[in-house]
Amino acid sequence: MRILVTGGAGFIGSHLIDRLMTEGHEVICLDNFYTGRKYNLLKWLDNPYFELIRHDVTEPIRLEIDQIYHLACPASPVHYQYNPVKTIKTNVMGTLNMLGLAKRVKARFLLASTSEVYGDPEVHPQSEDYRGNVNPIGIRSCYDEGKRVAETLAFDYHRQNNVDIRVARISIPMAPVCSKTTVG
Ligand code: UDP
């Protein structure tokens with residue numbers, strides 16, 4: 001299968017590419033290297049089944065592929081708050097472009113979303129049907145509202161254009177607090 005991974009030079013994207021390449025797929029990685037690093041993909045650069053394209057998903061692109069894993073977006077608060085307008089542009093225009101591409105080539109589309117779509121949740125842990133407690137005008141909103149719109153776009157392309165979609169709300173658990181006595 002020919003698979004597009006946007007944001008493939010990042011942490012999760014590069015590990016996903018390792019898995020897809022090992023499974024014998026043909027992989028196209030699209031990244032603007034805003035936070036991702038070519039270094040993460042070094043082992044695949046000379047592989048004929050791998051292609052790396054420096055491209056910003058906010059610009060349209062035409063490719064022939066069977067599946068899209070759409071991961072492109074700065075994910076840590078330091079990075080996504082550095083240029084919040086760029087963050088929301090990536091989530092809205094980038095996701096729109098990738099869904100337009102999925103529609104055109106009939107590719108299955110996976111959106112890497114986030115548990116941050118719940119905002120400042122009032123229930124723990126959150127179930128998928130919890131709607132969240134969100135703030136549209138805070139400093140984190142570019143990311144969490146951006147991902148909420150990205151999810152909306154995915155579901156609307158599914159309902160309106162029959163695009164086969166998946167949405168994964170990735171959650172990074174807080175690091176355990178280690179005191180000196182517990183670590184020795
Ligand atoms: N798009 C893209 N690659 C494609 C097909 C579409 O980047 O192969 C972009 C397209 O330029 C547009 C967006 O995806 O900005 C939405 O495309 P869609 O076909 O859904 O909408 P339309 O172009 O008809 O408004």
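Just so you know, ligand 1 is whichever comes first in the structure, and atom 1 is the first atom listed for that ligand.
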K.L.:
Is the closest basic N to carboxylate O distance between Arg104 and Glu64 below 4.0 Å?
P.N.:
yes

K.L.:
Counting only heavy atoms closer than 4.0 Å, does ligand 1 sit against the backbone of Met98, its side chain, both, or neither?
P.N.:
neither

K.L.:
Within ligand 1, which atoms have a heavy atom of Lys103 less than 4.0 Å away?
P.N.:
18 (P), 19 (O), 20 (O)

K.L.:
Measure across Phe109 and Met98 and return the closest heavy-atom pair with its distance rounded to 0.1 Å.
P.N.:
CE1-CB, 3.7 Å

K.L.:
Show which atoms of ligand 1 fall inside a sub-4.0 Å distance from at least one heavy-atom site of Tyr157.
P.N.:
16 (C), 17 (O), 18 (P), 20 (O)

K.L.:
Hey, what do you get for CD1 (Ile165) to CG (Asn161), rounding to the nearest 0.5 Å?
P.N.:
11.5 Å

K.L.:
Minimum distance, heavy atoms only, to atom 15 (O) of ligand 1: which one of Asn97, Leu153, Thr95 is it?
P.N.:
Asn97

K.L.:
Measure from atom 22 (P) of ligand 1 to the protein's non-hydrogen atoms and state whether any distance is below 4.0 Å.
P.N.:
no

K.L.:
Going by the side chain to side chain donor-acceptor pair (under 3.5 Å) test, name the single residue among Lys147, Glu151, His70 that passes it with Ser113.
P.N.:
Glu151

K.L.:
With heavy atoms of Arg104 as the reference, note each atom of ligand 1 found under 4.0 Å away.
P.N.:
4 (C), 5 (C), 8 (O)

K.L.:
Looking at atom 8 (O) of ligand 1, is any protein heavy atom nearer than 4.0 Å to it?
P.N.:
yes

K.L.:
Which residue, Leu52, Leu71, Leu63, Ile68, forms the side-chain contact (heavy atoms from CB on, under 4.5 Å) with Leu30?
P.N.:
Leu63

K.L.:
Taking the side chain as C-beta and beyond, is there a heavy-atom pair between Thr114 and Asp144 under 4.5 Å?
P.N.:
no

K.L.:
Short list, please: which atoms of ligand 1 are under 4.0 Å from a heavy atom of Leu96?
P.N.:
13 (C), 14 (O), 16 (C)

K.L.:
Heavy atoms only: which of Gly94, Gly100, Pro60, Ala102 lies closest to atom 5 (C) of ligand 1?
P.N.:
Gly100

K.L.:
Using atom types as modelled and distance alone, determine if a side-chain donor or acceptor of His55 lies under 3.5 Å from a backbone N or O of Glu59.
P.N.:
yes

K.L.:
List the atom of Thr95, the atom of Ala150, and the distance in Å for their closest heavy-atom pair.
P.N.:
OG1-CB, 3.7 Å

K.L.:
Under 4.0 Å, heavy-atom basis, I'd like to know which part of Leu63 is in contact with ligand 1: side chain, backbone, both or neither.
P.N.:
neither

K.L.:
Among all protein heavy atoms, pick out the one at the shortest distance from atom 2 (C) of ligand 1; state its residue, atom name and that distance to 0.1 Å.
P.N.:
Ile61 O, 3.4 Å

